[in-house]
Student: 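Take this structure first; my questions come after.
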Amino acid sequence: MDQNRSDLTLRVGSIADESVGRVTPDTPVAEVAQTMVAQTKCARYVVVEENDQLVGIITDRDLIGALLTPDSEFNVLATNQSESNITAGDVMTSDPLTVTPEAEVPRVLRQMNEAAARHVPVVEDGSVVGIVTLDDLITHLAGEAAHVSAQMDNLSGIIRSESQ
């Protein structure tokens, strides 16, 4: 998706990653974890029903929290639980924050902060069309800040040369 630096109301759809990994609620967490490790850039999957309807999201943090924290019913270290019996549906974040491609970046950042979300599915007409992460937004905003700084330096140089 293209970015337009002059667009002051940047939409999430222009920076969302369109390649979204999908799993079903009955996918074993061992399979999810193996895939996350194999695809080093993919620390999250959307969880969808057969009709591609979003039901949750599963992240590397969800896996760690569910499988390794002492108070989790799925803790594989403290119980006789086998990770082969645990599914994505058991450990996913149900009903996650979602946004549309038309959502404005500042509003999405605010929503992510309020929901303590680092990964947000981008949904259009009931289907997941992308995902935006906090890292994506920070990287984009850092680039915008550098662009603004360069423009200010350029403008400052023009003003100095005109005043001499």
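For clarity, every value in this text was computed on a predicted model and none was experimentally measured. Values reported hereafter were calculated over all heavy atoms of this structure, with side chains retained and with hydrogens, waters and symmetry mates removed.
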Student: Determine whether Glu73 and Asp90 make a side-chain contact, defined as any pair of heavy atoms from C-beta on separated by less than 4.5 Å.
Tutor: no

Student: Got Ile138 and Leu134 here, is their nearest side-chain heavy-atom distance under 4.5 Å?
Tutor: yes

Student: Could you check whether atom CZ of Arg22 has more than 12 heavy atoms from other residues, nucleotides or ligands sitting under 6.0 Å from it?
Tutor: yes

Student: Run the side chain to side chain donor-acceptor pair (under 3.5 Å) test against Thr98 and tell me which residues pass, sequence neighbours left out.
Tutor: none

Student: Would you say that Ile57 contacts Val47 through its side chain, given a criterion of any heavy-atom pair below 4.5 Å between the two side chains?
Tutor: no

Student: Decide whether Leu10 and Val108 are clustered together by the hydrophobic rule: side chain heavy atoms of Ile, Leu, Val, Met, Phe, Trp, Tyr closer than 4.5 Å, transitively.
Tutor: yes

Student: Among all residues two or more places apart in sequence or in another chain, which pass the side chain to side chain donor-acceptor pair (under 3.5 Å) test with Ser19?
Tutor: Asp17

Student: Working to the nearest 0.5 angstrom, can you tell me the gap between Ser72 OG and Ile64 CD1?
Tutor: 12.5 Å

Student: In Å, rounded to the nearest 0.5 Å, how long is the span from CG of Asn113 to CD of Gln111?
Tutor: 11.0 Å

Student: Ser127: what forms a side-chain contact (heavy atoms from CB on, under 4.5 Å) with it, not counting sequence neighbours?
Tutor: Asp52

Student: Which value, rounded to the nearest 0.5 Å, describes the distance between Met92 atom CE and Thr59 atom OG1?
Tutor: 12.5 Å

Student: Heavy-atom distance under 4.5 Å between the side chains of Tyr45 and Thr35, does that happen here?
Tutor: yes

Student: Could you tell me whether a side-chain N or O of Thr27 sits under 3.5 Å from a main-chain N or O of Val23, the two making a donor and an acceptor?
Tutor: no

Student: Throw together a table of side-chain donor-acceptor distances under 3.5 angstrom for residues 117-126, partners on residues two or more places apart or in other chains.
Tutor:
none

Student: Can you find a heavy atom in the side chain of Glu49 that is under 4.5 Å from one in the side chain of Thr24?
Tutor: no

Student: Do Val46 and Val55 belong together in a cluster built from hydrophobic side chains that touch within less than 4.5 Å?
Tutor: no

Student: With a 4.5 Å limit on heavy-atom distance, are the side chains of Val29 and Thr87 in contact?
Tutor: no

Student: Taking the side chain as every heavy atom from C-beta outward, state whether Arg44 and Ile58 have any pair of such atoms under 4.5 Å apart.
Tutor: no

Student: Given 3.5 Å as the limit, does a donor-acceptor pair link the side chain of Asp136 with the main chain of Thr133, or not?
Tutor: yes

Student: Distance-only, no hydrogens or angles: does the Thr93 side chain make a donor-acceptor pair with backbone N or O of Pro96 under 3.5 Å?
Tutor: no

Student: Drop me the distance from Phe74's CZ to Thr69's OG1, to the nearest 0.5 angstrom.
Tutor: 11.0 Å

Student: Do you reckon Leu54 sits in the same ILVMFWY cluster as Val12, going by side-chain contacts under 4.5 Å, direct or chained?
Tutor: no

Student: Are Val129 and Ile131 connected in a single hydrophobic cluster, I mean Ile/Leu/Val/Met/Phe/Trp/Tyr linked by side-chain heavy atoms less than 4.5 Å apart?
Tutor: no

Student: By side chain to side chain donor-acceptor pair (under 3.5 Å), which residues pair with Asn51, not counting sequence neighbours?
Tutor: none

Student: State which residues pass side chain to side chain donor-acceptor pair (under 3.5 Å) with Asp60; sequence neighbours excluded, sorted by chain then number.
Tutor: none

Student: Can a donor-acceptor pair be found, under 3.5 Å and without considering hydrogens, that links the side chain of Arg11 to the backbone of Glu102?
Tutor: yes

